[in-house]
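This is a predicted model, so every value here is computed, not measured.
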Amino acid sequence: MVYSLTSDAFVNVLKRLVGHRGRVTDIYCDNARTFVGANRLLEENRQKFNDMHNSSGLLVFCADNRITFHFNPARSPHFGGLWEASVKTFKYHLYRVMKDTLLNIDDFNTLIIQIEGVMNSRPLTPLSSDPADVIALTPGHLIIGEPVHSLPEPNICDIPINRLDSFQKMQQRLQHFWRAWSRDYVAQLQDRKKWPVVHPDIDVGTLVVLKEDNAPPMRWNLGRIAQVFPSKDGHVRVVQVRTAHGTYRRAITEVCPLPIERDDRDAHPSSSPSPPTIH
């Protein structure tokens, strides 16, 4: 949480980030005045620090650990599409779940950090090729070395807000965010606007996310494809999925291959192409 749009406020946030996540070497951002001013302030502080200490070893250490800002061209936010997409998703759902809810600074800061955990819990690609392994790599693995978890909370999504206290309001907003964002994320994995080319059918052993309406925050129902059932035209439309809780038969519209694994399969299709039928 940033309390103002000044360079000093951004530097304070950066200090909290380093203390929380570790050393930062590169920051990619747009050309806003706040970031430009922070870069100038950090550069001045580093230069003053170097002037105070003439040790060559210390100078080399500071040079190696300096923070490099990578600025996009002015008025060109689309240059940062990779991270701006996540920012846009966060804003889109946060505005809609917050509505007129009033939270104090402590509750709102807690809500923001919990939403961060929700977004960093999304599955990206399988951790191994073992067909019995249903664990996926998440952004949490890259940040803290393990998946991000949440404390168990009762489902209060449908309770009227006038019956909730301040803490419960925060939890309800988090559950609303999880419900809206997780559905949006799964829908993105099944983007089927137009298929100008035939994509390869889902294979046995593929790690998938199963659609589930009432899952608690940060609980993704993952499974491996155990069996496929081709239709008369040879394409797979029904699969059998093995999860940690049992085996289920689902239509392919109810399962979603993970994004990185799906992209790899699209980039390297099998040598025996499927019949040219759009399905």
Side-chain angles (χ1 to χ4, degrees), residues 1-50 58 60-72 77 79-94 103-127 135-151 153 170-171 173-174 177-178 181-182 185 217-220 258-260:
M1 180 185 297
V2 185
Y3 295 91
S4 67
L5 295 179
T6 64
S7 297
D8 290 341
F10 177 77
V11 172
N12 287 334
V13 170
L14 185 57
K15 290 179 179 178
R16 294 198 292 269
L17 174 66
V18 172
H20 187 52
R21 298 297 191 192
R23 183 175 59 90
V24 177
T25 59
D26 296 87
I27 295 180
Y28 295 83
C29 56
D30 57 31
N31 218 344
R33 293 184 178 182
T34 302
F35 303 133
V36 174
N39 179 51
R40 187 182 303 112
L41 179 60
L42 290 173
E43 183 66 26
E44 292 175 357
N45 290 340
R46 189 186 70 85
Q47 188 61 43
K48 291 178 181 179
F49 185 79
N50 289 342
L58 186 58
V60 171
F61 175 81
C62 292
D64 291 341
N65 290 275
R66 63 179 296 182
I67 297 175
T68 302
F69 279 78
H70 303 269
F71 292 106
N72 292 332
F79 272 68
L82 187 61
W83 61 82
E84 291 290 352
S86 296
V87 175
K88 177 183 177 181
T89 300
F90 171 82
K91 289 181 179 179
Y92 178 86
H93 292 296
L94 182 66
L103 299 176
N104 58 40
I105 293 178
D106 182 59
D107 288 342
F108 187 68
N109 191 33
T110 303
L111 176 63
I112 295 298
I113 294 175
Q114 287 185 302
I115 290 177
E116 172 193 340
V118 166
M119 299 186 68
N120 287 333
S121 72
R122 66 188 187 275
L124 299 176
T125 190
L127 272 178
I135 301 177
L137 178 70
T138 68
H141 286 89
L142 307 178
I143 298 174
I144 62 175
E146 62 181 18
V148 180
H149 299 287
S150 63
L151 298 176
E153 298 281 352
M170 177 191 66
Q171 292 303 313
R173 297 302 98 187
L174 174 66
F177 181 92
W178 159 257
W181 177 79
S182 60
Y185 180 69
M218 305 185 204
R219 296 293 192 273
W220 300 91
L258 299 187
I260 296 180

Side chain to side chain contact (heavy atoms under 4.5 Å, CB included) partners of T138, counting only residues at least two apart: H141

pair M1-I105: side-chain heavy atoms closer than 4.5 Å: yes

Set of residues satisfying ring-ring contact (aromatic ring centres under 6.0 Å, His included) with respect to F90, sequence neighbours excluded: none

Contacts of type salt bridge (Lys or Arg N to Asp or Glu O under 4.0 Å), residue E116, not counting sequence neighbours: R21

Close side-chain approach of I113 to T110, heavy-atom, < 4.5 Å: no

Contact list for residues 137-149, test salt bridge (Lys or Arg N to Asp or Glu O under 4.0 Å), sequence neighbours left out: none

Qualifying salt bridge (Lys or Arg N to Asp or Glu O under 4.0 Å) pairs, either residue in residues 136-145, two or more places apart: none

Reported CH2-to-CG distance for the pair W181 and L174, which is rounded to 0.5 angstrom: 11.5 Å

side-chain hydrogen bond (donor to acceptor under 3.5 Å, both in side chains) partners for H149, two or more places apart: none

Side-chain heavy-atom pair I143, V148 within 4.5 angstrom cut-off: no

Residue list, side chain to side chain contact (heavy atoms under 4.5 Å, CB included) with A9, at least two apart or on another chain: V2, S4, T6

Under the side-chain hydrogen bond (donor to acceptor under 3.5 Å, both in side chains) test, residues paired with W220 that sit two or more places apart: S121

Within-4.5 Å side-chain heavy-atom neighbours: W178 and Q114: no

Pairwise side-chain contact, I27 with L14, heavy-atom cut-off 4.5 Å (strictly under): yes

Test side chain to side chain contact (heavy atoms under 4.5 Å, CB included) applied to D107 - qualifying residues, sequence neighbours left out: L103, N104, S166, M170

Heavy-atom closest pair, residues R16 and Y3: NH2-CE1, 4.3 Å

D26: partners by side-chain hydrogen bond (donor to acceptor under 3.5 Å, both in side chains), with sequence neighbours left out: H70

L142: side chain to side chain contact (heavy atoms under 4.5 Å, CB included) partners, not counting sequence neighbours: L137

Nearest heavy atoms of R122 and P139, plus distance in Å: O-CD, 3.2 Å

Heavy-atom side-chain contact between Y185 and P123 under 4.5 Å: yes

